[in-house]
Visitor: 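One structure, as structure tokens, below. Some questions next.
Order of the sequence lines fixes the chain letters, A, B, ..., with proteins taken first and strands second; residue numbering starts at 1 for each chain.
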Amino acid sequence: MKTTDRHYEREFVRTFFTSPAAVKGEDDSAKMTRKAAQLSGMQAPDVWVPDNEDATAPSMRDEGVQNIIDVVSEYGADFPGEIHPRIVWHRESPETRYKGFQQMKEIADPENGAVENLDGFVVPEVGDIDDWKKADEFITIIENEHGLEEGSLSMSVIVESGESELAMGDLREEMGKPSNNLQRLFLLVDGEVDYTKDMRAMTPTGELPPWPELRHNTSRGASAAGLIAVDGPYDNIRDVEGYRERMEDNRAKGMIGIWSLTPGQVEVANEAPLPPQEGSWLLEVDDREVELETEDGREVYEGDTVTLEEEDGEYVLEIEGDAQVLSEDELREELLDMTSYVPSMDDIVNSMEEFEAAKEAGKGAIAMTQSATLVIDGVEVDIEKDRMWDEATYQAAMTPIALFQDVYEHRPDQHDELEELYSEDVVERAVEVGSV
Amino acid sequence: MKTTDRHYEREFVRTFFTSPAAVKGEDDSAKMTRKAAQLSGMQAPDVWVPDNEDATAPSMRDEGVQNIIDVVSEYGADFPGEIHPRIVWHRESPETRYKGFQQMKEIADPENGAVENLDGFVVPEVGDIDDWKKADEFITIIENEHGLEEGSLSMSVIVESGESELAMGDLREEMGKPSNNLQRLFLLVDGEVDYTKDMRAMTPTGELPPWPELRHNTSRGASAAGLIAVDGPYDNIRDVEGYRERMEDNRAKGMIGIWSLTPGQVEVANEAPLPPQEGSWLLEVDDREVELETEDGREVYEGDTVTLEEEDGEYVLEIEGDAQVLSEDELREELLDMTSYVPSMDDIVNSMEEFEAAKEAGKGAIAMTQSATLVIDGVEVDIEKDRMWDEATYQAAMTPIALFQDVYEHRPDQHDELEELYSEDVVERAVEVGSV
Amino acid sequence: MKTTDRHYEREFVRTFFTSPAAVKGEDDSAKMTRKAAQLSGMQAPDVWVPDNEDATAPSMRDEGVQNIIDVVSEYGADFPGEIHPRIVWHRESPETRYKGFQQMKEIADPENGAVENLDGFVVPEVGDIDDWKKADEFITIIENEHGLEEGSLSMSVIVESGESELAMGDLREEMGKPSNNLQRLFLLVDGEVDYTKDMRAMTPTGELPPWPELRHNTSRGASAAGLIAVDGPYDNIRDVEGYRERMEDNRAKGMIGIWSLTPGQVEVANEAPLPPQEGSWLLEVDDREVELETEDGREVYEGDTVTLEEEDGEYVLEIEGDAQVLSEDELREELLDMTSYVPSMDDIVNSMEEFEAAKEAGKGAIAMTQSATLVIDGVEVDIEKDRMWDEATYQAAMTPIALFQDVYEHRPDQHDELEELYSEDVVERAVEVGSV
């Protein structure tokens, strides 16, 4: 059997949305929880996390437990995503760990009526693997005490310390052991704010460091143990563009999920990992990418960072004032290096079908060609990008499609919005492809 | 008990300054050691390393041992930082390891009078964790032979091989074991020059590769085991700006300390991690950051890489020649993404106090808003940056303050220079804050 | 003995060239294998991999085994590089693993005459370390069955999953154990296409993510276990410039070898890691590097991204429209930060000899100075770059020379092309240096 089987239905989690379990000074301290519980469609997260830790003041956390019970009992059955409350925990405080145990025990008590709508718990501030086992053991005891099936409550952790980052390298080995139920693990969530504190890192602006290595190690740990990786909160809420860029960077690491702090962020993050409706050509200048304008089948560059002149077969390509004289072949090579194509959902499906046909015909690998006519300062250049596709390329291209199919299966509440986004028949084809 | 308690007084090390233990061809081979031993104030390092390894020719190393003994005995008591001589060691040479043992035994011999001013030893070229244990065991034997308290001599290592990089992942586990005294560990220092050789890496210019993953793993290893991470030498001594950029990059990884090769580098590196006296707004264009000029409360951009025009409510924002037409909201979003604020020590303290008040009032999280009026080509745009602060954000903001407080406590010889830098009352407030 | 001794003759592998073992629909399905087997000189790889996995359709793989046997028997003896066929394997499929065992057993059968020209096998899709041991054990059994010396067949793996990336951290420990023959390990090869699929990573363009952490971990694993690291395929075959940039980035990580998909790529990749014939000065603007033109001993910048004006001792340096007024010292510091020098093979050898002399004279460290006269907009500025050289710097500089010497020793078929590239006497000096 593959040890990397996933021990849960859902293959992907795009959004991890926290809302305070109890807010002080409101006549109804559960207001935000209640609002979150009634979200649906693109504004509803794949995983909703009533947060009884950092987002709720210590003095309010008993009330927070009660709010979670009330709201999850009342609205949980109709909530389109999964529900995983975050309780308190700390690798360095037995007192906090025991509080966390009590909170979980109370929330999961069948007599309180919330547990049947509950998918699991989120445990923050975990330390090394032995600390993870303490939380796992508490949940096992709770399942036993409450007569729940062992392993029925999943456990997700927030990785916000050096030792828990290291622990992710041991998961695959530890999860097999008969002495624990770590198979209940679901999400590995980065908590960059606390992690930054724990690592004693600083930036001039106080912005969080990018932590690329942490995100890689989280994604790798999830991949090796059959779990799902989720990035931490993006706290500059108004900076939608920055949020999108972060998610694009995460996806390049295999980290498809991200924390959301508002329904607005949820909506953006639910859509971001899905392939675009329209394809487009990009011209890369330094690290910026400029989208080219399509005009009657030609891709036109309209900026003036890059200039191009032709004179009897010779070309002068100037990038930010640095000019090079090139032959047509050299120019083409240069431009090949500078351009890239962003395929639409349609394009992806087409390429997959083309390769399936080639495979039928006994070909192990074929070259896919993307061609375009670039126009820079009126000078036209035809380029052709070749890419070798073999079985592996095909499988890799399947990822966004698998994501889409997973979303389509588990989120019927989003069907209308998806069909609006892509048109009905594109959705239909995308649901079908790859099932060969 | 928290296993990540630090087993030493000082919480931070900004500077790791090496000076050759013995220089051939000088009438006084100890001249440089003697000069280093008499540094004080911002030119004096937090950790001084008389270097009897790479910086001292093999033929001079017996003399080096004697020089270290003489100089540390004479000047050590008054030296404001800690003193950790580097001896010889190599994971692949028993001969070198035995020489290292002899050097440490001689230097630490109470009869030679240096040991009372000695804080520990620096062991270079360590290999996997078993090799670290060999050095640890030698120090234990030396402590026992010389009637010193077990664990009283700390041990710092230079990480300059793939196996020692991997070993940092095991430290936390190994340090607990009764069969070693690895709790004596103090600094994890990267040695990129030898590391580059060991990894057989090459760059066209012969400059060292940036090794971001090594620095991350060192910082993480230090964090998980309660140690202090220090980056290796920056050997282009005249390139002060490059040195500063490297340190800023290190701090974003939680690596606050760095090697210094000259008193000049020490001075720069002692100051670099401390918050600035004045705040400033930055405009990010590609990867360069341009500091904006403050003119009567507005932040003015004076370059011409970015241009901005307004025409009846529509804006044309041009970045390096690539123009976009934006609505006011789109423009604001774009600029939010491009700007950032560097808070002064004052600003940091204020924000912390604001959050402490909110916490008192039972709020678990509040939004901190930074607003400014940007001026580009005469066009004024008001922007507001929101950042959610919760307990964790507060704790993370504490890091530079904690660093300052640690420096203030352990380096009285720098008080005057710090008060000159910040003014007396800012220093006072910074020493007080967060002690709630 | 050093556990990082390499258990094979060759110290470096520049090129890993795969060719399909059997192509359907050709009258001679072995045509491509036969062509590859007859390559020589710069077009011949250091390691040739007849590929009976992804590049060969499943239905053709029995024929593939036969083709490998025939071609390696006929041409193998004269092939200038090593020969390592890739067979099928998968960490999650016993069926595939058993097929792989049968393929290796057949190919290595002495009665088929190929084994004497065979250096080892390439095992793809390995999982955690226990899975590596399964492949190792199969090879041990095959060696025993066929009366071959135990360990005589080397094993190379393709790292294309999170668990195999993690396994590379355990190699050093596992290779020593009496219960396996993992000492037969030779190459650690990244397979980014399958790895990307396994990590479920996505990019907008479908290009592979850069995976810097994977490449670092592979290089580190190779360094710690005495193996050789090789990067995966670069599938945009026409993009030669991009291929070169990737290799430069790899070398900065200690990953000197790379996969090649065509003889053209082999030729480029065999030359890329060798030092250039001519030195050159670079001006770095943002992330782009502009090569300066040497005109009568001065280094002239001809772009207009950077402009420089002098007025009575003050300088105005403008970078992409952002101007700063600088004193001569500030200007020099700024330019030091922006310039770098790419030494030729000659330069490298000279510096090494200079340091050898200094060492003789008992100096442990000396400053190497590179000076040049820069010309920007007619303004001349003399700069001097200092770099401290100690034993470690010297050793690091030895890497490209050691590579060259290794190539010269093991690839006599490339001597002519190397002498054409460098001139005879440069080759002679490079072969001699460092043997002190």
Visitor: So, C/Trp89 and C/Asp131: side-chain donor and acceptor under 3.5 Å apart, yes or no?
Guide: yes

Visitor: Chain A heavy atoms under 4.5 Å from C/Asn217: which part of the residue, side chain, backbone, both or neither?
Guide: side chain

Visitor: Between chain A and each of C/Glu302, C/Met199, C/Lys24, count heavy-atom pairs under 4.5 Å; write down the option with the most.
Guide: C/Met199

Visitor: Please look at C/Val290 and chain A and tell me whether the side chain, the backbone, both or neither of the residue comes under 4.5 angstrom of a heavy atom of that chain.
Guide: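 Contact with chain A involves the side chain of C/Val290 alone.
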
Visitor: Would you call the rings of C/Trp211 and C/Tyr195 parallel, tilted or perpendicular if under 30° counts as parallel and over 60° as perpendicular?
Guide: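 Because their plane-to-plane angle is over 60°, the rings of C/Trp211 and C/Tyr195 count as perpendicular.
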
Visitor: Are A/Glu330 and A/Tyr315 close enough that a side-chain donor and a side-chain acceptor fall under 3.5 Å?
Guide: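 No, A/Tyr315 and A/Glu330 have no side-chain donor paired with an acceptor closer than 3.5 Å.
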
Visitor: For C/Glu245, is it the side chain, the backbone, both or neither that has a heavy atom under 4.5 Å from a heavy atom of chain A?
Guide: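 Contact with chain A: side chain only.
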
Visitor: Can you tell which of A/Val13, A/Leu185, A/Leu188 makes a side-chain contact (heavy atoms from CB on, under 4.5 Å) with A/Ile228?
Guide: A/Val13

Visitor: For A/Ala361, is it the side chain, the backbone, both or neither that has a heavy atom under 4.5 Å from a heavy atom of chain C?
Guide: backbone

Visitor: Flag the one option from C/His216, C/Lys197, C/Arg91 with the top tally of heavy-atom pairs under 4.5 Å to chain A.
Guide: C/Lys197

Visitor: In terms of heavy-atom proximity below 4.5 Å to chain C, should A/Glu173 be classed as side chain, backbone, both, or neither?
Guide: neither

Visitor: Please determine if A/Lys385 forms a cation-pi arrangement with A/Tyr341, meaning its NZ or CZ atom is less than 6.0 Å from the six-membered ring centre and no more than 45° off the ring axis.
Guide: no

Visitor: Is C/Thr305 close to chain A through its backbone or its side chain, or both, or neither, when contacts mean heavy atoms under 4.5 Å?
Guide: both

Visitor: Between A/Ser344 and A/Gln277, is any side-chain donor less than 3.5 angstrom from a side-chain acceptor?
Guide: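 The criterion, which ignores hydrogens and geometry beyond distance, is not satisfied for A/Gln277 and A/Ser344.
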
Visitor: Does CD in C/Glu26 sit with more than 12 non-hydrogen atoms of other residues, nucleotides or ligands closer than 6.0 Å?
Guide: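 Correct, the count exceeds 12.
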
Visitor: Side chain, backbone, both or neither: which part of A/Pro273 has a non-hydrogen atom closer than 4.5 Å to chain C?
Guide: both

Visitor: I'd like to know if the side chain of A/Asp382 pairs up with that of A/Ser371 as donor and acceptor (distance under 3.5 Å, no hydrogens or angles considered).
Guide: no

Visitor: Go through the atoms of A/Pro276 and report whether side chain, backbone, both or neither lie under 4.5 Å from a heavy atom of chain C.
Guide: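 It is neither, since no heavy atom gets under 4.5 Å.
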
Visitor: Where does A/Ile348 contact chain C at under 4.5 Å (heavy atoms): side chain, backbone, both or neither?
Guide: neither

